[in-house]
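Contents: one structure, followed by commentary.
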Amino acid sequence: MSKKLFAATLVLSSGLLVLAAPAQAADAAAAQAWVKDAECFKCHTMDKTKKGPPWKKIAAKYKGKADAEAKIHKHLTSGPKVKLEDGTEEEHKIVEASDEAQMKNFISWLLTL
């Protein structure tokens with residue numbers, strides 16, 4: 001095998017290994033502790049409708065969308081107007097993360113539901 005062909009095969013194989021590697025799993029316990037501290041459970045639960053939609057319904061809304069993480073992050077950090085389950089509207093609480101990794105972990109966990 002020529003050096004060029006070997007190098008091309010090695011690069012291609014390395015790229016496939018990177019693509020095939022599983023994403024780091026979200027830490028569910030840390031994600032749930034973070035949303036508890038952020039008081040998200042005042043309006044949301046795992047699978048029951050409260051003031052806001054349940055986590056599983058939110059996850060289903062974003063499932064398979066390439067921009068899901070960015071949209072959820074923007075929603076949490078910008079305080080948009082949201083329509084509540086009772087039909088009224090209010091501004092969503094801005095969630096401030098002292099550690100951005102905590103918010104990213106929560107979003108990753110949410111998208112696995």
Side-chain angles (χ1 to χ4, degrees):
M1 181 181 291
S2 73
K3 287 183 181 182
K4 286 184 181 180
L5 181 57
F6 178 76
T9 303
L10 183 60
V11 169
L12 179 59
S13 297
S14 298
L16 291 175
L17 289 174
V18 169
L19 291 174
Q24 185 175 0
D27 182 339
Q32 291 176 24
W34 182 77
V35 294
K36 183 178 179 184
D37 289 344
E39 300 180 338
C40 299
F41 286 117
K42 284 184 175 182
C43 299
H44 302 277
T45 68
M46 184 64 71
D47 53 11
K48 304 274 190 237
T49 299
K50 208 171 175 181
K51 190 174 180 180
W55 299 121
K56 288 183 179 182
K57 185 175 180 180
I58 296 167
K61 175 182 174 180
Y62 289 102
K63 188 169 187 96
K65 295 185 179 175
D67 60 349
E69 289 182 24
K71 283 191 174 189
I72 294 169
H73 188 276
K74 182 177 180 180
H75 181 85
L76 293 173
T77 59
S78 66
K81 274 209 177 226
V82 293
K83 189 169 188 172
L84 304 176
E85 294 297 313
D86 66 3
T88 62
E89 288 186 357
E90 68 179 44
E91 288 182 4
H92 188 276
K93 176 185 173 187
I94 294 175
V95 181
E96 296 183 23
S98 58
D99 180 0
E100 188 66 23
Q102 291 175 319
M103 185 176 294
K104 288 183 180 194
N105 180 64
F106 163 70
I107 294 169
S108 294
W109 169 77
L110 176 64
L111 293 172
T112 66
L113 299 178

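These figures come from a predicted structure and were not determined experimentally.
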Mind running side-chain contact (heavy atoms from CB on, under 4.5 Å) on Met103 and Thr77 for me, showing each step along the way? CA-CA 10 Å; Met103 185 176 294; Thr77 59; 3.7 Å; yes
Parallel, tilted or perpendicular: which fits the ring planes of Phe106 and Trp55, with parallel below 30° and perpendicular above 60°? perpendicular
Does Lys93 have any side-chain hydrogen bond (donor to acceptor under 3.5 Å, both in side chains) partners at least two apart in sequence or in another chain, and if so, which? none
With sequence neighbours left out, what residues match Glu85 under side-chain hydrogen bond (donor to acceptor under 3.5 Å, both in side chains)? none
NZ of Lys48 to NZ of Lys56, rounded to nearest 0.5 Å, is 9.5 Å
Distance check, rounded to the nearest 0.5 Å: Leu110 atom CG versus Ile72 atom CD1? 5.0 Å
Only counting residues at least two apart or in another chain, list the ones meeting side-chain hydrogen bond (donor to acceptor under 3.5 Å, both in side chains) with His73. Glu100
Check whether any side-chain N or O of Ser78 sits under 3.5 Å from a backbone N or O of Lys74 as a donor-acceptor pair, and report yes or no. yes
Please report the C-alpha distance between Lys71 and Lys61 in whole Å, then the side-chain angles of each, then the deciding distance to 0.1 Å, and finally whether the side-chain contact (heavy atoms from CB on, under 4.5 Å) criterion is met. CA-CA 11 Å; Lys71 283 191 174 189; Lys61 175 182 174 180; over 6 Å; no
Between CG on residue Leu84 and NE2 on residue His92, distance to nearest 0.5 Å: 9.5 Å
On a heavy-atom basis, which atom in Asn105 and which in Ala30 lie closest, and how many Å separate them? ND2-CB, 3.8 Å
d(Trp34 CH2, Ile107 CD1) to nearest 0.5 Å is 7.0 Å
Using every non-hydrogen atom in the two residues, find where Ala26 and Trp109 come nearest and quote the distance to one decimal. CB-N, 3.4 Å
Any chance you could measure Thr49, atom OG1, to His44, atom NE2, to the nearest 0.5 Å? 11.0 Å
Hphob cluster co-occupancy, Val95 + Val82, side-chain heavy atoms under 4.5 angstrom: no
Just by modelled atom types, is the Phe41 backbone N or O under 3.5 Å from a matching donor or acceptor in the Lys50 side chain? yes
Gap separating the CG atom of Asp27 from the CD atom of Gln32, nearest 0.5 angstrom: 9.5 Å
